[in-house]
Amino acid sequence: MHVQRDPGFDIPAASEITPRAVYEQRRELLRLLAAGGAGAALAGWAQRSAHAQPAPARPNRLAALPSTRSGVAGAVTMEKPTAYDDITTYNNFYEFGTGKDDPSRLAGSLKTRPWTVSVEGEVGKPRVWGIEELLKLAPMEERIYRLRCVEGWSMVIPWQGWSLAELIRRAEPTSRAKFVEFHTLADKAQMPGVNSRVLLWPYVEGLRIDEAMHPLTLLAFGLYGEVLPNQNGAPVRLVVPWKYGFKSAKSLVKIRLVEKQPATAWNVSAPQEYGFYSNVNPKVDHPRWSQASERRIGEDGLFQRKRPTAMFNGYEAQVGPLYAGMDLKKFY
Ligand code: MTE
């Protein structure tokens, strides 16, 4: 994201970690479906996956976060998840520095308890939620989303969380609530990057209310069946799979419903480069990076071909109607 960096050059070597058994099972299902006998395969599959929690083959596991597979349309891609090590060591979290490995090296200083998230603004029922309350607010679902960064790389991440709509609905938005603003923690004592002026802090992002209420818009508390590592936005973050990764604000502390389109951190810092909508769109290039194709992290061998980027990051069937009639070149 940072204006001077070309991220294409610092992708780490692919991890050797074997993807978790449950993800292997999904691919097996695909093979079975291709070979016929789909009915029987599906019956066994549904039973297994409802209880399957991935067991990371790592010595220092984080707390387990049980979940069941999401039934939301489009919420579970069958693509191979990126290795845990890659997801947790190749990060953008500028509060801890602009290097890809800065967050995994430095985010250990982030204290994620106690933690609260306030929901306020144009709502009938403003409330400050404790993180433990949020963890129990709705059934934890497993969602396997593609994440496409504007820098030209992508990952597939198995998240634990539930639809943001669950929380917003409980706040009872007023008729003036047209947008939602997301504020994240900006604490110089815990986050060394906040001392730099690379962005205006706190990191603020925004969505239109219908985007925020879309069932694919996720509040994530975990990945790979464990609580989020700090570098991925612990204890709770946003994930908007059809938008560039920077919309998915980490370590949320405030959700504010507002009448006017919010000023967002990236749009304020470089308005020519980052619009408000930021929908993944292979036909609209970023001034410095083509958006037509992407490099999947973990597949970065010398002869590895880039993958074509899909409109709305492959979620067009689910979210295309939100933008009917809009000029997406203008509203980038
Ligand atoms: N949230 C905060 N608070 N600070 C950040 O710098 N970076 C964004 C987004 N959320 C960022 C953030 C960007 S540019 C991306 S691509 C994703 O987080 C990366 O998420 P990941 O590290 O979990 O893959």
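Order of appearance sets the numbers: ligands from 1, and atoms from 1 within every ligand.
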**Message:** Check this for me, if you would: do Glu120 and Arg127 make a salt bridge, where the nitrogen-to-carboxylate-oxygen distance has to be below 4.0 angstrom?
**Reply:** no
**Fill in**
Within the 4.0 Å heavy-atom cut-off, what Lys247 brings close to ligand 1 is neither
**Prompt:** Does Phe93 have Lys100 sitting over its ring (NZ/CZ under 6.0 Å from centre, angle to axis within 45°)?
**Reply:** no
**Prompt:** Any side-chain heavy atom of Trp159 within less than 4.5 Å of one from Leu223?
**Reply:** yes
**Item:** For ligand 1, the portion of Glu95 having any non-hydrogen atom under 4.0 Å away
**Value:** side chain
**Message:** I'd like to check whether Tyr90 has a polar contact with ligand 1, where a contact means an N/O of the residue lying under 3.5 Å from an N/O of the ligand.
**Reply:** no
**Message:** Does the residue Gly233 have a heavy-atom contact with ligand 1, meaning some pair of atoms that are separated by less than 4.0 Å?
**Reply:** no
**Prompt:** N/O of Trp159 under 3.5 Å from N/O of ligand 1, yes or no?
**Reply:** no
**Asked** What pairs with Asp187 under side chain to side chain donor-acceptor pair (under 3.5 Å), at least two apart in sequence or on another chain?
**Response** Gln190
**Request:** Evaluate the criterion ring pair (Phe, Tyr, Trp, His ring centres under 6.0 Å) for residue pair Phe276 and Phe179; output intermediate values, then yes/no.
**Result:** CA-CA 11 Å; Phe276 175 77; Phe179 294 90; 5.7 Å; yes
**Request:** Please indicate whether any nitrogen or oxygen in Trp153 is less than 3.5 Å from any nitrogen or oxygen in ligand 1.
**Result:** no
**Complete:** Note: heavy atom closest to atom 8 (C) of ligand 1, options Phe93, Tyr94, Tyr203, belongs to Tyr203
**Option passing side-chain contact (heavy atoms from CB on, under 4.5 Å) with Leu252 (candidates Leu134, Leu164, Leu219)** = Leu219
**Request:** May I ask you to check whether Ser248 has an N/O atom sitting below 3.5 Å from an N/O atom of ligand 1?
**Result:** yes
**Request:** With heavy atoms of Ala249 as the reference, note each atom of ligand 1 found under 4.0 Å away.
**Result:** 1 (N), 10 (N)
**Item:** Sub-4.0 Å atoms of ligand 1 with respect to non-hydrogen atoms of Cys149
**Value:** 16 (S)
**Message:** Using a plain distance cutoff, I'd like to know if Trp266 has any nitrogen or oxygen under 3.5 Å from a nitrogen or oxygen of ligand 1.
**Reply:** no
**Fill in**
In short, ring pair (Phe, Tyr, Trp, His ring centres under 6.0 Å) pairs touching residues 113-132 with sequence neighbours left out are none
**Asked** Is Thr184 touching ligand 1 with its side chain, its backbone, both, or neither, if touching means heavy atoms under 4.0 Å apart?
**Response** side chain
**Asked** Will you find, in the side chains of Gln291 and Arg148, an N or O donor that is under 3.5 Å from an N or O acceptor?
**Response** yes
